[in-house]
K.L.:
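Mind having a look at this structure? Questions to follow.
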Amino acid sequence: MKKILFLLSVAIFIVMAATFTSCKDNVIPDIEYIDYISGYTGGLLRSNSSIKIELTNPVDGVEPNTEIAKNLFSFSPSMKGKAYWVNNQTIEFIPHEGQLKKGVVYKAKFKLGEVVKVEKQLKNFSFTFKVE
């Protein structure tokens, strides 16, 4: 029984170490954003995916399915595309064709302070995703 528990503990340690090592570039958003952002695109994406931010509360004066003139997103490595209001709580960035490269980890920044009033330290929401 002790040998099984030991082997199980070793296996769990190896899995955890591999997970943390492979995720070294991940940006984990601060819990304070929960008052403003209820969901976002992260993790693994396909090369034809879009990137979405879902706000916790609706924004007044938004016309669904309209392009957003402000540059609300930045990416590293950089990519080109356009952002749209899907509805009064969801913004979608659609990369131009061929912009998302397989195997690349992207660091994204969403300018939350341009959309809703937030504290200074929460003006930029950073997250990561990888294209498979």
Side-chain angles (χ1 to χ4, degrees):
M1 184 69 173
K2 287 184 181 182
K3 186 175 181 179
I4 292 172
L5 288 175
F6 174 75
L7 291 174
L8 183 58
S9 297
V10 170
I12 290 171
F13 175 78
I14 290 171
V15 169
M16 288 177 62
T19 301
F20 288 126
T21 302
S22 68
C23 299
K24 67 181 178 185
D25 292 327
N26 284 350
V27 174
I28 300 170
D30 194 308
I31 191 72
E32 291 182 31
Y33 285 102
I34 200 163
D35 291 335
Y36 306 101
I37 296 177
S38 62
Y40 65 98
T41 302
L44 293 175
L45 282 88
R46 295 184 183 240
S47 59
N48 61 349
S49 296
S50 64
I51 295 92
K52 291 183 182 179
I53 299 287
E54 187 171 330
L55 303 171
T56 303
N57 297 304
V59 175
D60 293 331
V62 168
E63 284 189 48
N65 302 313
T66 58
E67 186 177 341
I68 300 170
K70 292 181 183 179
N71 186 11
L72 297 178
F73 291 89
S74 62
F75 301 95
S76 178
S78 65
M79 76 171 85
K80 295 180 181 179
K82 294 183 179 185
Y84 298 87
W85 282 105
V86 175
N87 55 45
N88 64 354
Q89 283 183 255
T90 308
I91 296 171
E92 179 178 31
F93 180 86
I94 301 175
H96 290 165
E97 188 172 334
Q99 291 290 300
L100 290 176
K101 307 292 184 195
K102 290 183 180 185
V104 175
V105 174
Y106 288 87
K107 293 182 181 177
K109 185 186 296 181
F110 173 67
K111 298 174 186 170
L112 179 62
E114 296 285 325
V115 179
V116 296
K117 187 173 180 167
V118 295
E119 295 83 18
K120 184 178 181 180
Q121 72 273 14
L122 300 177
K123 287 188 176 197
N124 293 307
F125 175 73
S126 297
F127 59 102
T128 57
F129 57 88
K130 182 177 180 180
V131 181
E132 59 177 2

K.L.:
Give the intermediate values and the outcome of side chain to side chain contact (heavy atoms under 4.5 Å, CB included) for residues Glu119 and Glu32.
P.N.:
CA-CA 10 Å; Glu119 295 83 18; Glu32 291 182 31; 5.6 Å; no
K.L.:
Would you say the side-chain atoms of Ser50 and Glu92 include a donor-acceptor pair closer than 3.5 Å?
P.N.:
yes
K.L.:
If I take atom CD1 from residue Ile94 and atom NE2 from residue His96, how far apart are they, to the nearest 0.5 angstrom?
P.N.:
9.5 Å
K.L.:
Give the C-alpha distance, both sets of side-chain angles, the deciding distance and a yes or no for side chain to side chain contact (heavy atoms under 4.5 Å, CB included) between Tyr36 and Leu122.
P.N.:
CA-CA 9 Å; Tyr36 306 101; Leu122 300 177; 3.7 Å; yes
K.L.:
Could you check whether any side-chain N or O of Thr56 sits under 3.5 Å from a backbone N or O of Ile37, counting only pairs where one atom can act as donor and the other as acceptor?
P.N.:
yes
K.L.:
Donor-acceptor check, side chain of Lys117 to backbone of Glu114, threshold 3.5 angstrom: yes or no?
P.N.:
no
K.L.:
Below 30° counts as parallel, above 60° as perpendicular, anything between as tilted: where do the rings of Phe129 and Phe127 land?
P.N.:
tilted
K.L.:
Ignoring hydrogens and geometry, is there a side-chain-to-backbone donor-acceptor pair from Thr90 to Asn87 under 3.5 Å?
P.N.:
no
K.L.:
Ignoring hydrogens and geometry, is there a side-chain-to-backbone donor-acceptor pair from Glu132 to Leu45 under 3.5 Å?
P.N.:
no
K.L.:
Hey, does the side chain of Ser49 reach the backbone of Arg46 with a donor-acceptor pair shorter than 3.5 angstrom?
P.N.:
yes
K.L.:
If you look at every heavy atom in Gly103 and Lys130, which pair is closest and at what distance?
P.N.:
O-CE, 3.8 Å
K.L.:
So do the side chains of Lys52 and Tyr40 get within less than 4.5 Å of each other, counting heavy atoms only?
P.N.:
no
K.L.:
Let's go through Ile91 and Phe73 carefully: what are the C-alpha distance in whole Å and the side-chain angles of both, what is the deciding distance for side chain to side chain contact (heavy atoms under 4.5 Å, CB included) to 0.1 Å, and is it a yes or a no?
P.N.:
CA-CA 10 Å; Ile91 296 171; Phe73 291 89; 3.8 Å; yes
K.L.:
Within the 4.5 Å heavy-atom criterion, are Trp85 and Ile68 side-chain neighbours or not?
P.N.:
yes
K.L.:
Establish, yes or no, whether a centroid distance under 6.0 Å links the rings of Phe93 and Phe110.
P.N.:
no
K.L.:
Where do Val59 and Val116 land on the side chain to side chain contact (heavy atoms under 4.5 Å, CB included) test, with the steps shown first?
P.N.:
CA-CA 8 Å; Val59 175; Val116 296; 4.0 Å; yes
K.L.:
For the backbone of Val131 and the side chain of Ser47, can you confirm whether one donor and one acceptor N or O come within less than 3.5 Å of each other?
P.N.:
no
K.L.:
Take atom CD1 in Ile34; do more than 12 heavy atoms of anything else shown fall under 6.0 Å from it?
P.N.:
no
K.L.:
Taking all heavy atoms of Val118 and all of Gly113, pick out the closest pair and write down the distance.
P.N.:
CG2-CA, 3.9 Å
K.L.:
I'd like to know if the side chain of Lys111 and the backbone of Asn71 have a donor-acceptor N/O pair within less than 3.5 Å.
P.N.:
yes
K.L.:
Should we say atom CD of Glu97 is surrounded by more than 12 heavy atoms from elsewhere, each under 6.0 Å from it?
P.N.:
no
K.L.:
Please verify the inter-ring angle class for Tyr33 with Phe125; under 30° counts as parallel, over 60° as perpendicular, anything in between as tilted.
P.N.:
perpendicular
K.L.:
Please check if the side chain of Tyr106 supplies one atom and the backbone of Lys101 the other of a donor-acceptor pair under 3.5 Å.
P.N.:
yes
K.L.:
Return yes if some donor-acceptor pair links the side-chain N/O of Gln89 with the main-chain N/O of Leu55 below 3.5 Å, else return no.
P.N.:
yes
K.L.:
Might you point out which heavy atoms bring Ser126 and Pro29 nearest each other, and give the distance in Å?
P.N.:
O-CG, 3.6 Å
K.L.:
Looking only at heavy atoms, what is the nearest atom pair of Gln99 and Ser78, with distance?
P.N.:
OE1-O, 4.5 Å
